[in-house]
Amino acid sequence: MNKRNFMKSLFTTAITVLWSRAFSWASEHKLTNWAGNLEYSTARLYAATSLADVRQFVTANSQFKVLGTRHCFNEIANTDKQFLSLRSLDKVIELDPKRRTVTTEAGMSYGQLCPYLNERGYALHNLASLPHISVAGACNTATHGSGIKNGNLATQVSALEMVTASGDLLKLTRDKDGDTFRGAVVGLGVLGVITKVTLDLNPAFTLKQYVYENLPFDQLQQKFDLIEASAYSVSLFTDWQKHRINEVWLKVRTDAEPQFDPKPQFFGAQLATKNLHPIAELSAENCTEQMGVPGPWYDRLPHFRMGFMPSAGKELQSEYFVPRRHAVEAILAIERLRDKVTPHLLISEIRSIAADDLWLSTAYKQESVAIHFTWKQDWPAVSKLLPEIERELAPFNPRPHWGKLFTMSSAHLRSRYERLPDFVALARKLDPHGKLRNKFLEQTIFDQRSI
Ligand SMILES: Cc1cc2nc3c(=O)[nH]c(=O)nc-3n(C[C@H](O)[C@H](O)[C@H](O)COP(=O)(O)OP(=O)(O)OC[C@H]3O[C@@H](n4cnc5c(N)ncnc54)[C@H](O)[C@@H]3O)c2cc1C
């Protein structure tokens, strides 16, 4: 099947999947993740409607997992026992103009929260490629956007409230709880049930989005740092063919000094003449406005619009974080695999993330570049490719995205996260009997075998 026909069939299947996904969510017999690549091991789901409900559920059950908006591709959220959902707990609890923070219930999604903040003159510093995901689920897996000065979304968290395995309420703040707080924010869902999240706010801002096509890899090799620094947020999309970046997405602030000048050429790439989807064959209708049209931060930072299907739908995703100083070498290492990678790929994206101090953050103490793969939904093929990619990136000690597909061992993870042993100790203290653990977490986080 050629690429055009493949995209057509993908789109039709995606619509079908959307419908069947909505059905499976309601069905008693089948519950899947968003992409439909994972059927969870149980469909038993308890929907809490109050804090008292959450505490009662936690006390009454010996093992369970919390589900957010189900956007992870791997088994991090899976269980064969029972799910707890906080999706109906989605209210703003407090907007504090003095401290410039907002506190929300944990079922809140960015799509719900952002317009509320914008109407009141506030913004979050960054967002992921889509607003559909829950705040608690996103921060738990170190979800990120792009920008050399922008930390991931978990860095916005200044306080957390959670119900721990004993049913007790634990409140942690950045100011008072130092190390424990830094250990808990990217918590992978194993430390407790997050019931409230407090986020830092910035004044609302306006962005313009410009897309350039066909940036030669030679330019990337020579000018990577300049390219990455050229806008508030920069995303590079490539299919790894023809030694070029297919699309460069620049999100520029209208209050930036000096102002970005959208010349027809950008490091050898040409200014696009219409809105584009990162997967060029798909309709840009699902994407946020480009062509330099100014718009509010929450309608430009994500690539995909709320109310529309993000990305391709029927897909898989993987992503690896390497130190930014090795970005070009790492990108060229993947390019060497291009003829193996491209046949299974919908698109790759390269983004920058600022370093932070959250124990299990993929950017822990490391200015980072993330190399992302949106795959066709063919796990047998992708599962063979991932070890090759991980081997190729091994000299740069890659850290995988916690919510996407990877194959590296727990020993490799431990060698790349110096605070992982402390995290395991914290998890064992808060949840001594492993109520919130599952097979995936036992294998990746709690397994103590060495390489
Ligand atoms: C189309 C698409 C685009 C994406 N784009 C990006 C991107 O741009 N950048 C990026 O970094 N990632 C991206 N992701 C990945 C995604 O952001 C993460 O997988 C994120 O974790 C999704 O949040 P969720 O609530 O849907 O996750 P879920 O899969 O529902 O949950 C994730 C984890 O959080 C835990 N959890 C959820 N809520 C709670 C709670 N209240 N208390 C305790 N634990 C909880 C779960 O148990 C699980 O361990 C994308 C995913 C998709 C499908």
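Just so it is clear, the values below take in all heavy atoms, side chains as well, and ignore hydrogens, waters and symmetry mates. Along the sequence shown, the residues carry numbers beginning at 1. Note that ligands are numbered from 1 as they come in the structure, with each ligand's atoms numbered from 1 the same way.
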Query - Heavy-atom closest pair, residues Glu315 and Leu346 - result: CB-CD1, 4.1 Å
Pairwise, report which nitrogen or oxygen atoms of ligand 1 are under 3.5 angstrom from protein nitrogen or oxygen atoms, and how far apart they are.
residue: ligand 1; atom: 5 (N); partner: Ser129; partner atom: OG; Å: 2.9
residue: ligand 1; atom: 8 (O); partner: Ser129; partner atom: N; Å: 2.8
residue: ligand 1; atom: 8 (O); partner: Ser129; partner atom: OG; Å: 3.1
residue: ligand 1; atom: 8 (O); partner: Arg351; partner atom: NH1; Å: 2.8
residue: ligand 1; atom: 8 (O); partner: Arg351; partner atom: NH2; Å: 3.4
residue: ligand 1; atom: 9 (N); partner: His144; partner atom: O; Å: 2.9
residue: ligand 1; atom: 11 (O); partner: His144; partner atom: N; Å: 2.9
residue: ligand 1; atom: 11 (O); partner: His144; partner atom: NE2; Å: 3.4
residue: ligand 1; atom: 11 (O); partner: His401; partner atom: NE2; Å: 2.8
residue: ligand 1; atom: 12 (N); partner: His401; partner atom: NE2; Å: 3.1
residue: ligand 1; atom: 17 (O); partner: Thr143; partner atom: OG1; Å: 3.1
residue: ligand 1; atom: 21 (O); partner: Gly137; partner atom: O; Å: 3.1
residue: ligand 1; atom: 21 (O); partner: Thr141; partner atom: OG1; Å: 2.7
residue: ligand 1; atom: 25 (O); partner: Thr69; partner atom: N; Å: 2.9
residue: ligand 1; atom: 25 (O); partner: Thr69; partner atom: OG1; Å: 3.1
residue: ligand 1; atom: 25 (O); partner: Ser134; partner atom: OG; Å: 2.7
residue: ligand 1; atom: 26 (O); partner: Thr69; partner atom: N; Å: 3.3
residue: ligand 1; atom: 26 (O); partner: Thr69; partner atom: OG1; Å: 2.6
residue: ligand 1; atom: 26 (O); partner: Arg70; partner atom: N; Å: 3.1
residue: ligand 1; atom: 26 (O); partner: His71; partner atom: N; Å: 2.8
residue: ligand 1; atom: 29 (O); partner: Cys72; partner atom: N; Å: 3.3
residue: ligand 1; atom: 30 (O); partner: Gly68; partner atom: N; Å: 2.7
residue: ligand 1; atom: 30 (O); partner: Thr69; partner atom: N; Å: 3.3
residue: ligand 1; atom: 30 (O); partner: Arg70; partner atom: N; Å: 2.9
residue: ligand 1; atom: 41 (N); partner: Ile194; partner atom: O; Å: 3.1
residue: ligand 1; atom: 42 (N); partner: Ile194; partner atom: N; Å: 2.9
residue: ligand 1; atom: 44 (N); partner: Asn140; partner atom: ND2; Å: 3.4
residue: ligand 1; atom: 47 (O); partner: Val66; partner atom: O; Å: 2.6
residue: ligand 1; atom: 49 (O); partner: Leu188; partner atom: O; Å: 3.4

Report summary line: One should read off an interatomic distance between Leu188 CG and Thr444 OG1, to the nearest 0.5 angstrom, of 7.5 Å
Query - Reference residue Tyr232; test side chain to side chain contact (heavy atoms under 4.5 Å, CB included); the match among His125, Arg300, Lys149 - result: His125
Report summary line: In short, Ser134 meets Tyr110 closest at the heavy-atom pair O-CE1, 4.0 Å
Requested in this report: Please say whether the positively charged group of Arg399, taken as NZ for Lys or CZ for Arg, lies over the ring of Tyr417, i.e. under 6.0 angstrom from the six-membered ring centre and within 45 degrees of the axis.
Outcome: yes
**Report entry** Qualifying side chain to side chain donor-acceptor pair (under 3.5 Å) pairs with a residue from residues 160-177, counting only residues at least two apart or across chains
**Finding:** Glu161-Thr195, Glu161-Lys196, Thr164-Ser166, Ser166-Asp168, Arg174-Asp200
